Amino acid sequence: MMKRAVVLLSGGVDSATTLAIARAEGYESYALSFDYGQRHTRELESARRVAAALGAKEHLILTLDLRAIGGSALTADIPVPKGRSAEEIGRGIPVTYVPARNTIFLSHALAWAEVLGAAEIFFGANVLDASGYPDCRREYVDAFERMANLATKAGVEGTSRYKIHTPLIQMTKAEIVKRGRALGVDFGLTWSCYEPGGDHRACGRCDSCLLRKKGFAEAGLTDPLPYQN
Ligand SMILES: [Zn+2]
């Protein structure tokens, strides 16, 4: 039987590349996405297409209303920053940080992994060319991994030794784009924009769009997504 892995899949460049890496490493992938009250559900459509294109065995979309908690530009009526420089993006924790989001997501991934008998969780966290989110750092992931082995029946009884894989954590966006391309990711299926326009095209100016565009430019590749203007 193939080894199973749960892969967090937002539908963006990083999670799509992470899913492709899990596949290349021979895992049977169970993709997990969240309809958490984000500003738009366009990324979930991308997650569905990416999961299908990269051969996920199952794709589960869980509904969690993080909008009831709010506290982020993605889940409350707080403006999404636009047109920031790379230096500004790299400084501090922006308002697009969603309180404890990756802990919430990884906890659900862990629960599903325990049920599936999967010991591996893949998570496309990245600290370089990223937005300075505290729950994307490896020390955070290491702490979650320790917690996972203390928190579960499978961990305590020793039937699973949980491991959180973060294959992109030290890669630049350009390196991620190149790796994904080499593994056959169709980036035309992915989505990154925090706040698309009414015409459903990416805004091109939010931090996520800017990091994506910078990554493709530095990789010398063309981004297949249409942008406004
Ligand atoms: Zn955008």
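The analysis underlying the following values was restricted to heavy atoms, covering all of them including side chains, and did not include hydrogens, waters or symmetry mates. One-based numbering, in listed order, for ligands and for the atoms of each. Note that the structure is a prediction, hence the values are computed from the model and not measured.
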Between Y30 and R4: side-chain donor-acceptor atoms closer than 3.5 Å: yes
Residue list, side-chain contact (heavy atoms from CB on, under 4.5 Å) with K163, at least two apart or on another chain: E120, E145, H165
Residue-atom pairs from the protein, N, O or S only, that lie under 2.8 Å from the Zn ion (ligand 1): C193 SG, C203 SG, C206 SG, C209 SG
Min side-chain heavy-atom separation V127-R138 under 4.5 Å: no
Flag if over 12 foreign heavy atoms under 6.0 Å of CZ, R181: no
Aromatic ring proximity F122/Y27, centre distance under 6.0 Å: yes
Parallel, tilted or perpendicular: ring planes of F34 versus F105, cut at 30 and 60 degrees: parallel
